[in-house]
Visitor: 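Attaching a single structure in structure tokens format; questions to follow.
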Amino acid sequence: MDYGLSERPADAAPLPTGIKILIAGGFGVGKTTLVGAVSETRPLRTEEVLTETGVGIDDLSGVEQKTTTTVAMDFGRITISDDLVLYLFGTPGQDRFWFVWDELALGAIGAVVLADTRRLADCFPSIDYFEGRGTPFVVAVNCFEGAKRYRLDEVQSALDLDPGVPVVLCDARQRESVKEVLITLLEHAMKQREERRRAAAAD
Amino acid sequence: MTGQGEPAEDEWVDDHAGPVVRPYAVTGGRARPVTGTFDLISLVISTRVDVGSESGLGPEHVAIVGLCQRIQSVAEVAAHLDLPVGTVRVLLGDLVARSLVQVREPRATPAGLPDDSVFEAVLNGLRAL
Ligand SMILES: Nc1nc2c(ncn2[C@@H]2O[C@H](COP(=O)(O)OP(=O)(O)OP(=O)(O)O)[C@@H](O)[C@H]2O)c(=O)[nH]1
Ligand SMILES: [Mg+2]
């Protein structure tokens, strides 16, 4: 068989690099909607099948029990340039999937924590997680109709956020609004990097 | 073509596997790729327009080569083929071993993060959207 004509030429442009931002927050807060508002494809869904092996505690035979769980992640794509493709990943909501978050958070350039003022506490686990990991994040307050409006500084203190963490309003359905949120995140992430570098140099 | 790491052909198909174990049937029960790690955002492109009569490939391998005529992330391949990511990683490993796809892992500094130039490029790219 002659492959000559159909091979990717050796001098073809190098492949672009993938980068990612995580979209976190409580159940039904608008993560998938936000991804869809800026993605150049409709949000796609990928599944990770996890096998947990555990030995039954009250099972004296000590037989290993395997259970499988499927964790779904929604994601979208924004082509930044010929060299960079940005992926936005909606994190799986359930708290017991932290190890999936660990995989997602590794190498992520930052995270958006979506908050709904009617149930602000839902985003506490996400905030704790990113604070603990040192992942730069912003809090985006998704404005649902009928939700009481709070001032952003009220949200900031209710969430007990570090004063440097940006809190912004957003409408997850609106492309421009989501774009602004992502820009705020990037600016914050760059600033935080600079500050950490300076702090490290001062030590 | 590399002959190394090529799985035995009879590993590909399991005629007795029902729909419940389909992902395992697709990989012949293998849980790990023969080569590569395949981050969710690793980017994949096919090196051939089609795989022709290449033997030992299953329909899912052929589908990946078709899909990756345009650059796709590992996550996108999994979503389009409607297969779990772990299964897709195994299939991609087979294709890399046969040089049928090229993969670009995400670029990272030793701290596991992209360098400054990436942040700037993303910021500019978002502003230009
Ligand atoms: N009014 C209003 N509705 C919104 C907004 N964002 C999302 N919604 C609606 O809220 C509902 C849930 O949105 P999703 O995007 O599915 O939320 P999610 O966080 O992905 O949900 P899970 O993945 O199930 O946790 C949908 O019906 C959306 O149309 C918003 O900014 N304003
Ligand atoms: Mg969702």
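Sequence lines set the chain letters: A, B, ... in the order given, protein chains first and strands last, and positions in each chain run from 1.
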Visitor: Flag yes if more than 12 heavy atoms outside D160(A) fall under 6.0 Å of its CG atom; otherwise flag no.
Guide: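 Counting other residues, nucleotides and ligands, CG of D160(A) stays at 12 neighbours or fewer.
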Visitor: For each of E176(A), R175(A), R77(A), E187(A), tally heavy-atom pairs with chain B at distances under 4.5 Å, and name the one with the top tally.
Guide: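 Among the listed options, the one with the most contacts to chain B is R77(A).
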Visitor: Check whether more than 12 heavy atoms from other residues, nucleotides or ligands sit under 6.0 Å from atom CZ of R32(B), and answer yes or no.
Guide: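 For R32(B), atom CZ is not crowded (no more than 12 foreign heavy atoms under 6.0 Å).
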Visitor: What part of L104(A) is in contact with chain B, defined as an atom under 4.5 angstrom from a non-hydrogen atom: side chain, backbone, both or neither?
Guide: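 Just its side chain gets close to chain B.
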Visitor: Taking the side chain as everything from C-beta on, heavy atoms only, tell me whether V85(B) gets closer than 4.5 Å to E103(A).
Guide: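 When only atoms from C-beta onward are counted, E103(A) and V85(B) do not touch, as no gap falls below 4.5 Å.
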Visitor: Do R104(B) and V85(A) make a side-chain contact, defined as non-hydrogen atoms from C-beta onward lying under 4.5 Å apart?
Guide: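 Not in contact.
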Visitor: Looking at A75(B), S42(B), S46(B), G86(B), which has the largest count of heavy-atom pairs under 4.5 Å with chain A?
Guide: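 Most heavy-atom pairs under 4.5 Å with chain A: A75(B).
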Visitor: Tell me, side chain or backbone of T17(A) under 4.5 Å from chain B's heavy atoms, or both, or neither?
Guide: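 For T17(A), the contact with chain B is made by backbone and side chain together.
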Visitor: Would you mind reporting whether P16(A) and L43(B) have side-chain heavy atoms less than 4.5 Å apart?
Guide: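 In short, these two side chains touch, coming nearer than 4.5 Å.
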Visitor: Where does K179(A) contact chain B at under 4.5 Å (heavy atoms): side chain, backbone, both or neither?
Guide: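 K179(A) touches chain B through side-chain heavy atoms alone.
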Visitor: Against chain B, label I78(A) side chain, backbone, both or neither, depending on which of its atoms sit under 4.5 Å from a heavy atom there.
Guide: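 The side chain, not the backbone.
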Visitor: In terms of heavy-atom pairs under 4.5 Å with chain B, which of L186(A), I19(A), T79(A) leads?
Guide: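 Of the options given, most contacts go to L186(A).
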Visitor: What pair of heavy atoms forms the shortest contact from F119(B) to R193(A), and how long is it?
Guide: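 Looks like CE1-CZ, 3.3 Å.
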Visitor: Please name the pair of heavy atoms, one in G18(A) and one in P106(B), separated by the smallest distance, quoted to 0.1 Å.
Guide: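 Nearest pair, atom of G18(A) first, then P106(B): O-CB, 3.7 Å.
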Visitor: Take a 6.0 Å sphere around CG of D82(A) and say whether it holds more than 12 heavy atoms from other residues, nucleotides or ligands.
Guide: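 Not more than 12 within 6.0 Å, no.
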Visitor: Please determine, among V118(B), V44(B), L129(B), V77(B), the option with the most heavy-atom pairs under 4.5 Å with chain A.
Guide: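 Heavy-atom pairs under 4.5 Å are most numerous for L129(B).
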Visitor: Heavy-atom distances under 4.5 Å only: say whether N124(B) touches chain A with side chain, backbone, both or neither.
Guide: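 Contact with chain A is absent: no heavy atom of N124(B) under 4.5 Å.
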Visitor: Give the member of E180(A), M190(A), M73(A) that has the highest number of heavy-atom pairs under 4.5 Å with chain B.
Guide: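 Top option by heavy-atom pairs under 4.5 Å: M190(A).
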Visitor: Could you pull out the closest heavy-atom pair between L84(A) and A121(B), with the gap in Å?
Guide: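 Nearest heavy atoms, L84(A) then A121(B): CD1-CB, 3.4 Å.
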Visitor: Nearest 0.5 Å, please: how far is CG in L182(A) from CZ in R127(B)?
Guide: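 Reported to 0.5 Å precision, the distance equals 12.5 Å.
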Visitor: Write out, in numerical order, the residues from residues 38-48 of chain A with a heavy atom short of 4.5 Å from a heavy atom in chain B.
Guide: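 Against chain B, the residues of residues 38-48 of chain A that fall inside the cut-off (heavy atoms, under 4.5 Å) are L44(A), R45(A), T46(A), E47(A), E48(A).
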Visitor: For P114(B) and G107(A), work out which heavy atoms get closest and say how close.
Guide: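 Taking every non-hydrogen atom into account, CD-O, 3.7 Å.
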Visitor: Under a 4.5 Å cutoff for heavy-atom pairs, which residue among I45(B), L126(B), I71(B) has the most contacts with chain A?
Guide: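 Top option by heavy-atom pairs under 4.5 Å: L126(B).
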